[in-house]
Protein chains: 4
Amino acid sequence: MARGSTTHKLGPHQDPAVDAAILSATRRLLVEVGYSDITINSIAAAAGVGRPAVYRRWPAKVHIVHEAVFPPLTAEWVSDDQVENEVRRLVFGAVALFGDPVTREAVPGLMCDMRSDPALKKVLAERLLAGAREGLAQTLADGARAGQVRPGIDAGTLLDTLAGAAIVALSIREVDDLERLATSLTDLLLHGILA
Amino acid sequence: MARGSTTHKLGPHQDPAVDAAILSATRRLLVEVGYSDITINSIAAAAGVGRPAVYRRWPAKVHIVHEAVFPPLTAEWVSDDQVENEVRRLVFGAVALFGDPVTREAVPGLMCDMRSDPALKKVLAERLLAGAREGLAQTLADGARAGQVRPGIDAGTLLDTLAGAAIVALSIREVDDLERLATSLTDLLLHGILA
Amino acid sequence: MARGSTTHKLGPHQDPAVDAAILSATRRLLVEVGYSDITINSIAAAAGVGRPAVYRRWPAKVHIVHEAVFPPLTAEWVSDDQVENEVRRLVFGAVALFGDPVTREAVPGLMCDMRSDPALKKVLAERLLAGAREGLAQTLADGARAGQVRPGIDAGTLLDTLAGAAIVALSIREVDDLERLATSLTDLLLHGILA
Amino acid sequence: MARGSTTHKLGPHQDPAVDAAILSATRRLLVEVGYSDITINSIAAAAGVGRPAVYRRWPAKVHIVHEAVFPPLTAEWVSDDQVENEVRRLVFGAVALFGDPVTREAVPGLMCDMRSDPALKKVLAERLLAGAREGLAQTLADGARAGQVRPGIDAGTLLDTLAGAAIVALSIREVDDLERLATSLTDLLLHGILA
DNA sequence: TCTTAAACGAGACGGTACGTCTGGTCTTGAA
DNA sequence: TTCAAGACCAGACGTACCGTCTCGTTTAAGA
């Protein structure tokens, strides 16, 4: 593809432009044809790249989509704050993330194909949730000690609930009013955990 | 297949034993090899049935799994009761449903492939949620009038939350302690909605 | 079929109208779609008859076509006559037979599928050629004794030549001028055998 | 297949060894199971090759058999010679060709399936006959001018006769004495055309 | 008249072959 | 060494037809 526009730049090194073209084509295809109808063939074709160039970088469709949807650097999720603000931030963050058209299409597919790839499953779970879990557990514990939070609230269940609610509402029921969803979900969960 | 064991019963009518064999084989395969690795071939083979006999009944794998996992008649979900009991019943019901090994395997696949089949999507959404939604909305409205329930609680969001939490916990994180999950989820949601 | 137009006539006996409908439909299909694209299904459908009604009568497509194209009663081919007249009659008969549009379509298919059915092969060979062969051999022998026919002419080779020439010209090269073909073929063969 | 025995030679180019394996397997299958019972599946399997590798080269069974039986270059058939020698050569050539066990099996099938593929029909007709026809017509004309050949002999009819006789005798009647057949056929035709 | 038996249309059954597509691996030749 | 191009094997896809079977009805022939 760099071939058409200009002459080859790189000899022995992988061309970053090819990486970018593949990931970009994958995002485009996700909203155009949906996760299930994406094939390695179609990704390569849409990226203007040979099939082996794709296989050289990722072993399977699910890995490409994963990287296309959740770019490698996920900044800081956690922060030492008030419980209320932290939950609010988590809910709005989740709704924003899972409400993106690309993510909406990708998430059910990832949930499905992830299951046969334990490594990816671990990576995804850790990156999306584990980081937040520890910080949240700490915040909840602090809040409980301060009497703001009811004791016995499990950070894992809270995160499952938060993420699950967003996924079902956005990828399955396809709710469109993100603002309203985030607000009512925050309201429900905050009342659920605060003393 | 009924052929081997006994004589043919039905001429121009579809043999219910074949239906049963296919659905049963599908359930078996779901826990043995997982949704993604199921093929129409493998279903037909495991059911001891020709491939066309499968295609005569369902157009795609997702439809077979759908019927295998959620049998056609889903009795009564709703009942006019106390809010607390109704929510408790819904949560425990969802955890029991999505905690079944067959359902755990099937749900992510269904969520994924459902997206390309609007008809099935509608059917699934209606059957699993719509029934409960109306009854729940009524119960919430009654509870709000009686001062038990905080006003402004949306039945849709509540059901998304409930189902999403169960799905993420059981199919993604693969929590095993159903009792504990149902209890903590009930606790969280009840505090979230009660006044 | 008889069902639609009038009431059933026959109970436990095979309905001759069904035989006729099948053979007639086969002839029609031969010129419409060609031998290769005929299926038992299409024959049954075109005859307005169930598939088993076909299988009850003939075991395979090739048998149906055989009977549709070469009706069971093949009168007398041979006659004690002058060699010249007999050869002329054979050539014109062969050209008329293999020049019929139905036969043109059927013959290559029969030649092909016949090979895997020794019984049919025998029947066809005997019916079409063996009858003529004996008579022709006798006539040739008589002619040779009378000095009209060169000695050593083999009736088998002569019939192969005659039939083969007609088949290749009519079914393969698809010559249309039957008159001219028969005349030039008669001329060639008569000069070939007469002293 | 070359894969197993030695290292690959060709990258983006079709491997000639695969072509050869397919054609060779086809010839083997022709005599082993007959034209009708050959399938693309069985060819691919017998050649130790994937099915798509076959479809990449030929669109249908009849094309493969055609190429397997009549290799692309059929050197020179014709030559300016005495009429007698030329006819003798044509007859012996035809008997040798159609008497080969592979060709015997293939010819009726080709005659049948050729009919639904006008392109192949043309190719086959031209390659086998057209080349000889022109040369033969010229030789006959020369012979007629020299008084050796009776006037009015049509090269087309003569070739139909020659080929048809060989096909019927060898593929249908399955005559085994090639020598005798060629001799008696030559005798018959030469007397038929010579003055 | 009543029973029996066979042929009817319809269509499901287990199979098999079709031709197409995808997945992943490999090799070539250019850069 | 990477890249594009594309051939390779393997095998799933969904369709069509095969030949067999059972169904439930209709009808002729025999009791």
Side-chain angles (χ1 to χ4, degrees), chain A residues 1-4 7-15 17-18 38-42 44 48-56 59-61, chain B residues 1-4 7-15 17-18 37-42 44-45 47-57 59-61, chain C residues 1-4 7-15 17-18 38-42 44-45 48-57 59-61, chain D residues 1-4 7-15 17-18 37-42 44 48-57 59-61:
Chain A
M1 65 106 245
R3 194 64 153 296
T7 53
H8 258 183
K9 291 293 169 41
L10 301 172
H13 309 317
Q14 284 201 344
D15 185 348
V18 171
I38 290 183
T39 66
I40 301 282
N41 267 339
S42 64
V49 142
R51 199 151 23 111
V54 179
Y55 281 112
R56 228 170 280 129
K61 177 172 78 168
Chain B
M1 56 103 256
R3 195 65 150 296
T7 54
H8 256 185
K9 291 294 164 42
L10 301 173
H13 309 316
Q14 287 197 341
D15 184 348
V18 171
D37 289 344
I38 290 182
T39 66
I40 301 281
N41 266 340
S42 65
V49 142
R51 195 153 22 108
V54 180
Y55 282 115
R56 251 190 298 276
R57 291 167 166 79
K61 178 172 77 168
Chain C
M1 50 99 254
R3 193 68 151 294
T7 53
H8 257 185
K9 291 294 166 39
L10 299 175
H13 306 322
Q14 286 199 343
D15 184 348
V18 171
I38 290 183
T39 66
I40 303 281
N41 265 342
S42 65
V49 142
R51 197 151 21 108
V54 179
Y55 281 112
R56 228 172 276 132
R57 291 166 166 81
K61 177 173 80 167
Chain D
M1 50 99 257
R3 193 69 147 292
T7 53
H8 256 182
K9 291 296 165 40
L10 300 174
H13 308 319
Q14 285 198 344
D15 184 348
V18 171
D37 289 344
I38 289 183
T39 66
I40 303 280
N41 265 341
S42 64
V49 143
R51 198 154 13 112
V54 180
Y55 282 113
R56 224 172 282 131
R57 291 167 166 79
K61 178 173 77 167

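Here is the naming used below: chain letters follow the sequence lines, and residue numbers restart at 1 for every chain.
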Using side-chain contact (heavy atoms from CB on, under 4.5 Å) as the criterion, list what pairs up with D:Ala60, not counting sequence neighbours.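 D:Ala60 satisfies side-chain contact (heavy atoms from CB on, under 4.5 Å) with D:Val62, D:His63 only.
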
Under 3.5 Å between N/O atoms: give me all the protein pairs with nucleotides 15-18 of chain F, atom names plus distance.
unit_1, atom_1, unit_2, atom_2, d
F:dC18, OP1, C:Ile40, N, 3.0
F:dC18, OP2, C:Ile40, N, 3.4
F:dC18, OP2, C:Asn41, N, 3.2

Mind checking salt bridge (charged side-chain N to carboxylate O under 4.0 Å, His left out) for D:Arg57 and listing every partner two or more places apart, or none if nothing turns up?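 D:Arg57 satisfies salt bridge (charged side-chain N to carboxylate O under 4.0 Å, His left out) with D:Asp19 once adjacent residues are dropped.
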
Interatomic distance where CZ belongs to B:Arg57 and C1' belongs to E:dG11 [whole Å]: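 Taking CZ of B:Arg57 and C1' of E:dG11, I get 12 Å after rounding.
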
In this structure, how many angstroms lie between the P atom of E:dA6 and the CD atom of C:Gln14, rounded?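 The distance from CD of C:Gln14 to P of E:dA6 comes to 12 Å, rounded to the nearest Å.
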
Of A:Pro59 and C:Ala53, the one whose closest DNA chain E nucleotide lies more 5':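 Looking at the nearest nucleotide for each, C:Ala53 comes out on the 5' side.
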
Can you work out whether B:Gly50 or C:Gly50 has the more 5'-proximal nearest nucleotide on DNA chain E?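 That would be C:Gly50.
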
By side chain to side chain donor-acceptor pair (under 3.5 Å) - contacts of D:Arg56 (at least two apart):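 Expected list: none.
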
Please identify each residue that fulfils side chain to side chain donor-acceptor pair (under 3.5 Å) with C:Asn41, with sequence neighbours left out.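 In terms of side chain to side chain donor-acceptor pair (under 3.5 Å), with neighbours along the sequence ignored, C:Asn41 is linked to C:Arg51.
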
Rounded to 10 degrees, the angle between the two terminal axes of the helix from E:dT1-F:dA31 to E:dA31-F:dT1, each from five pairs: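 The end-segment axes of the helix from E:dT1-F:dA31 to E:dA31-F:dT1 are tilted 10° relative to each other.
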
Between D:Lys61 and D:Thr39, is any pair of side-chain heavy atoms under 4.5 Å apart?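 They are not in side-chain contact.
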
When you measure from the side chain of A:Val49, which nucleotide among E:dC13, F:dA4, F:dA7 comes out closest?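 Of the options given, the side chain of A:Val49 lies nearest F:dA4.
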
